[in-house]
Amino acid sequence: MATITGIPAGWPADETAARAVQDALRDRVVLDETGPPPGAGPVTGIDVAYDDERDVVAAAAVVLDPATLDVVEEATAVGRVAFPYVPGLLAFREIPAVLGALEALRTDPGLVVCDGYGVAHPRRFGLASHLGVLTGLPTMGVAKNPFLFAEGELGPERGSTAPLLDGTEEVGRAVRTRARVKPVYVSVGHRVSLDNACAHALSLTPAYRQPETTRRADRLCRDALAAL
DNA sequence: GCGACAG
DNA sequence: ATCTTGTCGC
């Protein structure tokens, strides 16, 4: 059964307020911890599906065993859409429902893998970082597009990487998870090193371009939305 | 001002 | 994200 989630009190109502929240919370991101390496603890995938017509959102959290990638526990939450989609402000749209799904878990989520950016964000505070600060959990982001940042050339083989650069600063890394297939874009969210985040991205992709965490959560939240 | 723009 | 059929390939 999906948990019903409300929109948190004080949730920003417009873009100006949302950017102010990002500016107020960005300093709380912890970047000096290495986090759990692959295999050291559970990994949890998060994803959200929308029906803007009906103003409903469904979020899913799926906990996987780090060695076998088998599902340990899953939870869903549904609610009303909390914010419109605005590039750079995705977290305000997704986080309320995601928090509901995470809170419904009784297992330790371990490392949380998000769909989108962590610090590879215009204000260094993408969805993964925001979720990390609010929950205290180690988080990382895996996006399908680089957009904002320059991407170096990377080899065609699985495991090759190239820095995502904002000027001279490496804010993330393009990671080839399948040979000759477009890479994914990994960035640190909270309490994880970029090296560890990239290692997780690879350990979570034994068969497809996207991490198993993301694939499992994506399917679950779609099903939860369709079941409404 | 115009276009680009995670999901 | 979501709207959507068939189709090429392993």
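What you see is a predicted model, and the numbers here were worked out from it, not measured in a lab.
- Here A:N145 does not reach the OP1 or OP2 of B:dA4: none of its side-chain N or O atoms lies under 4.0 Å away.
- Contact annotation: the side chain of A:T213 never approaches that of A:V62 to less than 4.5 Å [non-hydrogen atoms, C-beta and beyond].
- Using a 4.0 Å heavy-atom cutoff across all strands shown, A:G88 reaches at least one base atom of the nucleic acid.
- Both A:V192 and A:V142 are part of a single hydrophobic cluster, where members link through side-chain heavy atoms under 4.5 Å apart.
- Summarising the geometry, the separation between CD1 on A:I46 and P on B:dG7 is reported as 16 Å, rounded to the nearest angstrom.
- Tested against A:I95, the residues A:L127, A:L102, A:T135 include a single side chain to side chain contact (heavy atoms under 4.5 Å, CB included) partner, A:L127.
- Of all heavy-atom pairs between A:A60 and A:T76, the closest is CB-CG2, 4.2 Å.
- Counting only Watson-Crick or G-U wobble pairs whose defining distances are both under 3.5 Å, DNA chain C contains no stem of 3 or more consecutive pairs.
- Protein atom CZ of A:R93 is 13 Å distant from nucleotide atom P of B:dG7, rounded to whole Å.
- Counting heavy atoms of neighbouring residues, nucleotides and ligands inside a 6.0 Å radius, atom CZ of A:R123 exceeds 12 of them.
- A donor-acceptor contact closer than 3.5 angstrom is absent between the side chains of A:R215 and A:Q210.
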Between the protein and nucleotides 1-8 of chain C, list the N/O to N/O atom pairs that are separated by less than 3.5 angstrom.
from: C:dA1; atom 1: OP1; to: A:R222; atom 2: NH2; distance (Å): 3.2
from: C:dA1; atom 1: OP2; to: A:K144; atom 2: NZ; distance (Å): 3.4
from: C:dT2; atom 1: OP2; to: A:R222; atom 2: NH1; distance (Å): 3.3

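- Residues from residues 177-205 of chain A with heavy atoms under 4.0 angstrom of DNA chain B: there are none.
- For DNA chain B, runs of at least 3 consecutive pairs of the Watson-Crick or G-U wobble type, with both hydrogen-bonding distances under 3.5 angstrom, are absent.
- Applying the 6.0 Å contact sphere to CD of A:E153 captures no more than 12 heavy atoms from other residues, nucleotides or ligands.
- Across residues 5-22 of chain A, not one residue has a non-hydrogen atom less than 4.0 Å from an atom of DNA chain B.
- Ring geometry for A:F92 versus A:F83: interplanar angle of 30 to 60°, hence tilted.
- When all heavy atoms of A:H200 and A:V43 are compared, the closest pair comes out as CD2-CG1, 4.0 Å.
- Between the CG atom of A:D166 and the CZ atom of A:F149 there is a distance of 5.0 Å, given to the nearest 0.5 Å.
- Note on A:L89: a base of the nucleic acid sits closer than 4.0 angstrom, heavy atoms only.
- Cation-pi contact between A:R93 and A:Y50: present, with separation from the ring centre below 6.0 Å and deviation from the ring axis of at most 45°.
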Determine whether A:E169 and A:R124 satisfy the following criterion, salt bridge (charged side-chain N to carboxylate O under 4.0 Å, His left out), listing intermediate values before the conclusion. CA-CA 12 Å; A:E169 182 184 354; A:R124 297 288 184 279; 3.0 Å; yes
Salt bridge (charged side-chain N to carboxylate O under 4.0 Å, His left out), that's the test. Do A:D23 and A:R19 meet it? Break it down for me. CA-CA 6 Å; A:D23 288 333; A:R19 291 196 185 87; over 6 Å; no
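- Shown for residues 117-140 of chain A: residues whose heavy atoms fall under 4.0 angstrom of DNA chain B, namely A:Y117, A:H121, A:G126, A:L127.
- Remark: A:T139 OG1 to A:I46 CD1 distance equals 10.5 Å, nearest 0.5 Å.
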Under the salt bridge (charged side-chain N to carboxylate O under 4.0 Å, His left out) criterion, do A:D115 and A:K144 qualify, and how do the steps go? CA-CA 8 Å; A:D115 232 346; A:K144 303 174 197 69; 3.5 Å; yes
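- Counted within 6.0 Å of CZ on A:R219, heavy atoms from surrounding residues, nucleotides or ligands total 12 or fewer; the atom is thus considered open.
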Intermediate values then yes/no, salt bridge (charged side-chain N to carboxylate O under 4.0 Å, His left out), A:R54 and A:D51: CA-CA 6 Å; A:R54 293 189 294 166; A:D51 183 340; 2.8 Å; yes
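- For the 3.5 Å distance criterion, the side chains of A:R173 and A:S187 fail to qualify, holding no donor opposite an acceptor.
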